[in-house]
Student: 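Input: one structure, supplied below.
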Amino acid sequence: REIADLIANGMKSWAKSLNVTHYTHWFQPLTDGTAEKHDGFIEFGEDGEVIERFSGKLLIQQEPDASSFPSGGLRETCSARGYTAWDPTSYCFVKEGSLYIPTVFVSYTGEALDKKTPLLRSMEAINEQALRLLRLFGNTTSKKVTPSVGPEQEYFLVDKQKYLQREDLIFTGRTLFGAMPPKGQELDDHYFGTIRQRIASFMRDVNIQLWKVGVPAKTQHNEVAPAQHEIDFRYDEAVKTADNIMTFKLAVKTIAKRHGMFASFMPKPKFGINGSGMHVNMSLCKDGKNIFDDPDGELGLSKEAYWFIGGLMKHMKGMAAITNPLVNSYKRLVPGYEAPIYIAWSVTNRSPLIRIPVTRGEGTRVELRCPDSAANPYLTLAVCLQAGLDGIRNQIEPPAAVTENVFEMRMSQKNKLGIEELPADLGEALAEFEKDEYLQNVLGRHATEKYIEAKKSEWADYRAQVSDWEINNYLYKI
């Protein structure tokens with residue numbers, strides 16, 4: 001308690017030096033976005049005296065009114081008791097006059113009511129099981145194994161005035177009419193093209209805001225599709241990376257409005273162009289050393305790296321419901337674009353699901369290319385890391401690496417190599433997720449049941465809709 005009080009007092013002093021008057025326990029609920037309730041440092045005594053209070057008790061845990069917390073139909077609220085608990089693995093930051101304290105949100109019985117708790121539990125499980133395996137191999141000195149992640153977050157920027165003129169974008173979030181977009185924009189806004197002045201000004205403001213809150217953005221550039229851009233984050237521990245992604249999304253949407261633009265993380269907003277992904281680069285480190293690296297191993301990879309890949313491939317069909325969570329996600333996962341649909345891995349090309357970038361040594365990593373821009377980073381990293389852990393724990397050997405372009409292979413060749421496809425739609429993905437009890441245990445019973453319930457409702461609602469494509473192709477012809 002004394003240590004907590006000292007930390008709380010230090011936080012308060014730091015926040016006061018930045019003219020901060022309020023604090024909030026910031027968390028990611030099972031609904032979209034983030035949640036926060038701002039409390040003031042200042043209270044008034046019985047004689048009207050101003051008192052500044054922020055104790056260790058207030059820092060570590062609070063009991064908000066969880067029954068009134070918006071659930072979006074994801075959970076019952078009639079008897080909900082919720083607790084926010086400080087997550088000391090994430091950095092606190094100051095934004096718009098408030099001290100933001102990253103927390104988890106759990107029920108009275110310990111069930112996860114947020115999207116961060118499963119990731120923290122996955123990281124702890126990886127540490128525990130990896131150390132157990134290291135002890136079996138004779139390593140008695142290592143004390144901790146940490147997963148490191150580097151995401152590549154893509155998104156679209158649209159001029160707000162043009163956005164407001166399009167009722168299809170306003171009401172559906174996607175394009176329903178208009179000219180077909182060009183494919184192969186080599187002389188336009190291509191990957192290495194000069195970033196336009198207006199976009200550069202927007203990106204500068206985003207970077208300034210991210211630096212202020214301690215988010216180390218590393219790389220930014222145009223992407224393949226028109227009006228599409230990407231930002232990459234510094235390689236870091238998994239939970240910090242997930243925090244950074246959520247902070248980045250909030251900053252991008254807010255600052256885009258200031259610049260008269262609209263930012264969207266919808267995976268596939270328009271037919272005929274590449275969609276937005278969130279490639280996830282992963283590695284495991286013990287005592288500061290990357291355990292995926294083995295200079296003497298084939299392809300420079302350790303046996304743990306191969307087993308990690310095997311675990312990802314084993315659970316990938318069930319993971320799709322988390323890594324690609326929307327009906328629209330599967331419009332991105334189609335042949336003819338860069339998004340992978342085949343469950344295979346390679347060190348030489350980008351067509352398979354899993355790629356091993358050329359960097360070796362401490363930069364050795366496994367890149368999962370199917371997650372999209374709508375995926376929640378906490379849940380996505382939780383299932384990815386636990387799937388890899390299952391591979392390491394059970395020494396799951398992956399099939400041989402693919403050296404050819406999978407999209408150009410004949411069906412007979414893919415069948416011979418045992419190359420399967422990702423689920424074709426959200427309905428198939430949910431069916432695969434329901435089969436995978438291991439992944440369900442990662443999220444926990446409560447979160448799993450409510451997640452499946454909400455996504456099945458979304459899928460049923462979508463299936464009942466009649467699209468413009470159906471009207472244009474059938475109404476006057478049949």
Side-chain angles (χ1 to χ4, degrees), residues 31-32 72-74 154-185 188-189 223-228 253 261-277 317 320-342 370-375 407-408 410-411 420-434 451-478:
T31 53
D32 289 331
L74 288 177
E154 299 170 351
Y155 60 98
F156 285 93
L157 273 177
V158 181
D159 184 278
K160 189 173 183 180
Q161 292 303 315
K162 294 180 180 178
Y163 168 80
L164 293 174
Q165 293 172 8
R166 294 288 297 267
E167 292 185 352
D168 54 340
L169 288 175
I170 294 172
F171 294 121
T172 69
R174 63 189 179 93
T175 56
L176 299 178
F177 54 82
M180 288 291 294
K183 280 207 66 179
Q185 308 89 8
D188 194 10
D189 289 338
E223 255 301 336
V224 176
Q228 189 183 38
K253 283 189 167 290
M261 293 185 285
F262 174 79
S264 176
F265 292 93
M266 182 178 181
K268 185 85 168 185
K270 188 173 180 64
F271 170 74
I273 63 174
N274 285 37
S276 289
K317 288 186 177 181
I322 304 298
T323 60
N324 305 88
L326 305 182
V327 166
N328 180 257
S329 297
Y330 298 86
K331 305 296 178 68
R332 169 179 168 261
L333 299 176
V334 293
Y337 302 92
E338 292 189 6
I341 62 173
Y342 298 108
C370 68
D372 62 47
S373 53
F407 289 109
E408 296 177 356
R410 294 180 178 275
M411 183 61 71
E420 298 184 89
E421 294 186 21
L422 290 172
D425 53 49
L426 183 59
E428 286 188 16
L430 290 171
E432 293 293 341
F433 182 55
E434 287 185 293
Y451 186 87
I452 291 175
E453 179 183 330
K455 288 300 172 181
K456 280 188 173 181
S457 175
E458 178 183 339
W459 175 240
D461 185 49
Y462 169 77
R463 291 184 63 197
Q465 302 299 313
V466 179
S467 68
D468 281 7
W469 186 92
E470 294 170 280
I471 296 297
N472 294 335
N473 282 273
Y474 300 139
L475 184 62
Y476 302 107
K477 298 179 182 179
I478 296 177

Student: Keeping Lys455 on the side-chain end and Leu426 on the backbone end, is there a donor-acceptor pair under 3.5 Å?
Tutor: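 Not a single qualifying donor-acceptor pair exists.
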Student: List the atom of Pro340, the atom of Leu422, and the distance in Å for their closest heavy-atom pair.
Tutor: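 So the minimum-distance heavy-atom pair works out to O-CD1, 3.6 Å.
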Student: Taking all non-hydrogen atoms of both residues into account, name the closest pair between Ser276 and Met266 and its distance.
Tutor: CB-O, 4.2 Å
Student: For Tyr451 and Ala321, indicate whether the former's side chain and the latter's backbone hold a donor-acceptor pair under 3.5 Å.
Tutor: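 Confirmed, Tyr451 side chain pairs with Ala321 backbone.
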Student: Of all the heavy-atom pairs spanning Ile322 and Pro325, show the shortest one and how long it is.
Tutor: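 That would be O-CD, 3.8 Å.
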Student: Tyr462 side chain to Asn328 main-chain N or O, any donor-acceptor pair under 3.5 Å?
Tutor: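 No, because the side chain of Tyr462 does not come within donor-acceptor range (under 3.5 Å) of the backbone of Asn328.
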Student: Evaluate the side-chain proximity of Pro267 to Asn324: yes if any heavy-atom separation is below 4.5 Å, no if none is.
Tutor: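 Contact flag for Asn324/Pro267 side chains = no.
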Student: In Å and rounded to the nearest 0.5 Å, what is the CG to CG distance from Leu475 to Asp468?
Tutor: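 Spacing of CG (Leu475) from CG (Asp468) equals 11.0 Å.
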Student: Between atom CG of Asn472 and atom NZ of Lys477, what is the distance when rounded to the nearest 0.5 Å?
Tutor: 8.5 Å
Student: Quick one: does any side-chain atom of Thr323 pair with a main-chain N or O of Pro371 as donor and acceptor, under 3.5 Å?
Tutor: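 No, because the side chain of Thr323 does not come within donor-acceptor range (under 3.5 Å) of the backbone of Pro371.
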Student: How close do Ala339 and Arg332 get, heavy atom to heavy atom, and via which atoms?
Tutor: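 Shortest heavy-atom contact: CB-O, 3.4 Å.
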Student: Working to the nearest 0.5 angstrom, can you tell me the gap between Leu333 CG and Lys331 NZ?
Tutor: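 Leu333 atom CG to Lys331 atom NZ measures 11.5 Å (nearest 0.5 Å).
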Student: Kindly determine whether Leu326 and Glu458 satisfy side chain to side chain contact (heavy atoms under 4.5 Å, CB included), including the steps that lead there.
Tutor: CA-CA 8 Å; Leu326 305 182; Glu458 178 183 339; 4.1 Å; yes
Student: Between Pro423 and Lys317, which heavy-atom pair has the shortest distance, and what is it?
Tutor: CG-O, 3.6 Å
Student: Give the C-alpha distance, both sets of side-chain angles, the deciding distance and a yes or no for side chain to side chain contact (heavy atoms under 4.5 Å, CB included) between Glu421 and Glu428.
Tutor: CA-CA 11 Å; Glu421 294 186 21; Glu428 286 188 16; over 6 Å; no
Student: To the nearest 0.5 Å, what is the distance between NZ (Lys456) and CG (Asp461)?
Tutor: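 Between Lys456 NZ and Asp461 CG, I get 15.5 Å after rounding to 0.5 Å.
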Student: Would you compute the distance between atom OH of Tyr330 and atom CD1 of Ile341 and round it to the nearest 0.5 angstrom?
Tutor: 13.0 Å
